[in-house]
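Scroll down for the structure; my scribbles are underneath it.
What you are looking at is a predicted structure, and each value in this text was computed from that prediction instead of being measured. Each chain gets a letter, A, B and so on, in the order the sequences are listed, and its residues count up from 1.
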Number of protein chains: 2
Amino acid sequence: MVKECAKVLTLADIARLAGVSESTASRALRDNPVINAATRQKVQQIAADHQFKVNATARSLRTQKSHTIAVIILFDAKTQQTLTDPFLLDILGVIADELTRQGYDMLLSTSKTTDKDWRSYYFDSKRADGLIVIGQGEHDERVLQLADAAVPFVVWGAADSDETYPVIGSDNRQGAKLAVEHLLKQGCKRVAFLGDIRHTEIEMRYLGYQDALSQAGLQLEPKLQLNTDFTAQDAYIKTQQVLFNELSSSAGSLDAIFAASDAIAMGAMKALLEYGVQIPQQLAIVGFDDIAMSAYCTPSLSTVKQDTQAGGKLLVSTLLQRIAGKTVPSAQLPVRLLCRQSSLRLL
Amino acid sequence: MVKECAKVLTLADIARLAGVSESTASRALRDNPVINAATRQKVQQIAADHQFKVNATARSLRTQKSHTIAVIILFDAKTQQTLTDPFLLDILGVIADELTRQGYDMLLSTSKTTDKDWRSYYFDSKRADGLIVIGQGEHDERVLQLADAAVPFVVWGAADSDETYPVIGSDNRQGAKLAVEHLLKQGCKRVAFLGDIRHTEIEMRYLGYQDALSQAGLQLEPKLQLNTDFTAQDAYIKTQQVLFNELSSSAGSLDAIFAASDAIAMGAMKALLEYGVQIPQQLAIVGFDDIAMSAYCTPSLSTVKQDTQAGGKLLVSTLLQRIAGKTVPSAQLPVRLLCRQSSLRLL
DNA sequence: AACCCTATTGCAATCGATTGCAAACTATCC
DNA sequence: GGATAGTTTGCAATCGATTGCAATAGGGTT
């Protein structure tokens with residue numbers, strides 16, 4: 001059903017129509033002040049009339065800039081689905097908007113698809129001028145490999161110690177500490193931690209969890225930390241398998257959960273509610289991220305809100321500065337604890 | 001911190017290193033059988049050793065193919081956020097994987113960013129070989145505009161009557177009918193419909209809702225249809241503002257809701273639960289999509305599951321066939337009703 | 001030995017836009 | 001009038017890979 005239609009015009013066509021050379025046409029369209037104002041207007045008018053669009057490919061080849069950023073979303077190899085966590089969608093949207101605002105296109109890929117070598121695929125091949133990597137996970141080798149090459153990139157995650165590349169992320173440790181302090185303030189004594197500490201971000205949250213416990217003089221129980229995937233499903237299963245036993249053990253009853261993501265929290269909460277546990281009276285729970293659904297589940301989920309708006313913008317601006325050759329430091333964004341029904345006992 | 005590193009090699013470099021001409025090198029790398037096997041091997045070996053990657057820009061310019069597909073996500077102009085619905089993430093992930101599998105890159109954009117003219121921006125400028133438009137919404141003008149041009153594209157949505165372009169989507173009408181039939185079978189008499197019927201897909205769901213009602217000999221009450229955004233928040237508010245009044249009206253009590261998306265359903269459910277309504281005993285509710293959270297909210301949400309896996313793959317294969325010049329028909333994917341706690345009264 | 005055929009390889013043009021440098025033209029001033 | 005400065009414009013090279021066509025070499029045949 002595709003209609004045959006006139007061939008797409010090239011710069012040469014526009015130049016001919018305007019009666020000028022290609023160089024003049026090119027400069028006119030790019031608002032080069034060296035071109036006479038009248039000529040410029042005329043060329044632009046003709047280009048607009050014919051809906052002329054510069055061939056992005058040719059321009060990229062000549063200028064050696066693609067004006068495209070590749071966004072790579074890492075995910076857990078175990079999880080079947082590629083994009084699962086709503087949190088990703090959130091930050092992805094912000095990045096997309098911000099890149100467009102800055103005149104860049106966004107090439108999206110999931111790690112499954114490009115196991116090989118990001119540098120050669122995206123950068124050497126000139127598909128992208130820079131990379132944004134979301135999530136560090138256990139895939140650090142590939143990120144480190146990038147760092148060794150002269151590829152401009154930024155990571156969303158947790159700054160480890162002294163990376164040679166900029167990492168943007170929330171203050172995970174502080175956020176976790178706030179969450180657990182809040183749980184303790186609600187009278188909880190035994191708090192489980194749900195999340196895979198092999199991911200750097202989650203490890204930081206675990207540290208914040210520890211901070212709060214030790215500050216309150218509580219003993220750390222390693223068996224209360226479960227490596228769960230970032231899915232409600234896995235949290236649901238692990239909760240049933242492991243935590244039910246802890247609800248009333250010799251060590252006292254489990255009376256709180258701090259989950260490393262809202263999806264995890266919701267899975268755990270589901271299992272507990274089905275089991276007849278009263279939330280928050282018998283067990284209080286706090287998640288992390290503040291995805292849209294958190295406020296609308298029942299009971300609504302207390303959580304540590306990540307500022308995706310600020311995060312996405314900072315990722316983009318950091319990357320663009322790096323592309324411009326500047327050295328930009330890592331940054332941690334402040335987080336905020338949102339207390340909702342799942343953890344508020346004192347009303 | 002970017003280390004200075006050797007300039008990226010070009011095909012000419014590889015050719016020189018292998019002692020052959022550029023043409024031979026090019027052909028060797030593309031596995032052209034006309035090249036002597038030994039030569040081919042040698043060139044490929046050298047290229048691999050030096051981690052040579054063909055410059056995608058130059059190749060695109062020469063071959064006039066970008067091997068890139070632009071995915072455009074439409075969204076409601078009223079909603080602030082760009083990417084809100086988890087369902088989008090779902091299908092987006094499938095499309096991303098499938099495109100990669102087929103050797104295509106994916107350029108992602110949200111409609112906010114490219115209000116202007118998709119054809120000239122993506123296609124005429126040679127940024128993409130084709131377009132996938134997700135969601136028709138109220139933005140039909142732009143889609144129609146595409147159809148008039150010779151641009152290969154596919155739409156995820158609902159086939160209207162006789163479009164000149166392929167539309168892939170779920171069997172929305174049938175899905176809605178199944179959902180409402182189920183509600184009626186549970187003994188419900190007055191069913192509200194939450195969703196904005198100005199979107200074609202939702203309109204189809206509304207038709208299915210009507211089908212089920214009239215088949216059961218029930219009167220359609222137009223005031224029970226509310227145009228809600230695709231967010232839990234808007235559904236929450238609208239439910240409070242409008243539906244509370246209907247819980248016990250002269251027309252009988254509202255005892256069921258069919259929501260056009262799971263997010264909407266969850267927002268409505270939250271409002272009702274807060275108001276003290278028993279779900280499903282007093283009011284049963286069914287959503288649409290089957291997003292990951294639906295199974296993990298409380299009560300778990302009955303819903304009409306869309307087959308995103310099949311949908312994403314079909315979108316991609318349809319588009320690629322179109323790019324190859326074939327005419328491909330629209331298609332409707334079967335849906336499945338998942339009965340969970342929010343609607344099951346008879347246990 | 002002459003000739004033909006096939007298997008390889010290379011030359012050179014091409015994709016479309018950008019840009020350094022030189023040319024052309026106008027204006028100004030002595 | 002002519003020289004100089006300033007403003008516009010165009011020529012031609014360039015970005016890197018692909019490909020039609022011609023050229024070459026080697027093998028086989030009569």
Side-chain angles (χ1 to χ4, degrees), chain A residues 6-44 46-47 50-68 120-129, chain B residues 6-44 46-47 50-68 120-129:
Chain A
K7 144 181 174 305
V8 172
L9 295 178
T10 70
L11 183 64
D13 298 320
I14 300 299
R16 190 160 19 75
L17 288 167
V20 298
S21 71
E22 281 187 59
S23 8
T24 300
S26 173
R27 286 191 259 252
L29 289 175
R30 316 190 95 218
D31 276 328
N32 188 322
V34 90
I35 297 297
N36 181 293
T39 315
R40 218 185 321 165
Q41 286 257 323
K42 184 175 166 197
V43 173
Q44 292 186 351
I46 290 179
H50 293 78
Q51 299 191 44
F52 168 75
K53 276 288 166 181
V54 170
N55 181 314
T57 309
R59 168 180 285 176
S60 294
L61 177 59
R62 179 59 229 246
T63 61
Q64 301 284 351
K65 296 235 165 302
S66 67
H67 268 265
T68 299
S120 53
Y121 188 78
Y122 288 109
F123 193 71
D124 293 353
S125 79
K126 294 285 194 296
R127 266 173 252 261
D129 298 337
Chain B
K7 142 180 176 304
V8 173
L9 294 179
T10 70
L11 183 64
D13 298 320
I14 300 299
R16 189 158 20 74
L17 288 168
V20 298
S21 71
E22 280 187 62
S23 3
T24 301
S26 172
R27 285 190 260 252
L29 289 174
R30 316 190 97 217
D31 275 326
N32 188 322
V34 90
I35 298 296
N36 181 293
T39 314
R40 220 185 320 164
Q41 286 259 322
K42 184 174 164 197
V43 173
Q44 292 186 353
I46 290 180
H50 293 78
Q51 300 190 42
F52 168 76
K53 276 289 166 182
V54 170
N55 181 315
T57 309
R59 167 178 285 175
S60 294
L61 177 58
R62 179 59 230 243
T63 62
Q64 300 284 351
K65 297 238 165 301
S66 66
H67 267 266
T68 299
S120 51
Y121 188 77
Y122 288 108
F123 193 71
D124 293 353
S125 78
K126 295 283 194 296
R127 265 172 252 261
D129 298 337

inquiry  = Considering every strand and a 4.0 Å limit on heavy-atom distances, what is the contact class for V34(A): base, sugar-phosphate, or nothing?
reply    = base
task = Could you grab the distance from atom OG of S66(A) to atom OH of Y122(A), nearest 0.5 Å is fine?
result = 12.0 Å
ask   = What is the distance from atom OG1 of T10(A) to atom NZ of K53(A), rounded to the nearest 0.5 Å?
value = 15.5 Å
ask   = Where each residue is assigned the nucleotide of DNA chain C containing its nearest heavy atom, which of S26(A) and V20(B) is assigned the position nearer the 5′ end?
value = V20(B)
remark   = Per nearest nucleotide of DNA chain C, the residue lying toward the 5' end, S23(B) or T63(B), is S23(B)
Does [X] have a side-chain nitrogen or oxygen under 4.0 Å from the phosphate oxygens OP1 or OP2 of [N]?
X      : N       : result
T24(B) : dG10(C) : yes
T39(A) : dT9(D)  : yes
R62(B) : dT14(C) : no
N55(B) : dA17(D) : no

To the nearest angstrom, how far is [X] atom [atom1] from [N] atom [atom2]?
X       : N       : atom1 : atom2 : answer
H67(A)  : dA17(C) : NE2   : C1'   : 14 Å
L29(B)  : dT9(C)  : CG    : C1'   : 15 Å
F52(B)  : dT18(D) : CZ    : P     : 8 Å
K126(A) : dG16(D) : NZ    : C1'   : 10 Å
L9(A)   : dC15(C) : CG    : P     : 15 Å
R40(B)  : dG10(C) : CZ    : C1'   : 18 Å
D31(B)  : dT18(D) : CG    : C1'   : 15 Å
R59(B)  : dT14(C) : CZ    : C1'   : 16 Å

As a test of reading the structure: which of [options] is closest to the side chain of [X], going by heavy atoms?
X      : options                   : answer
T10(A) : dA17(C), dG10(C), dT18(D) : dA17(C)
L61(A) : dG16(C), dA17(C), dT9(C)  : dG16(C)
I35(A) : dA17(D), dT18(C), dT9(D)  : dT9(D)
R27(B) : dC21(D), dT8(D), dG16(D)  : dC21(D)
Q64(B) : dC15(C), dT8(D), dT19(C)  : dC15(C)

For the student: nearest non-hydrogen atoms of L29(A) and F52(A), plus distance = CD1-CE2, 3.5 Å
task = Could you tell me whether the side chains of S21(B) and T24(B) share a donor-acceptor contact shorter than 3.5 Å?
result = yes
ask   = With R59(B), which of L61(B), N55(B), T63(B) fulfils side chain to side chain contact (heavy atoms under 4.5 Å, CB included)?
value = T63(B)
inquiry  = For a quick check, tell me whether the side chain of T57(A) and the base of dC15(C) share a donor-acceptor pair closer than 3.5 Å.
reply    = no
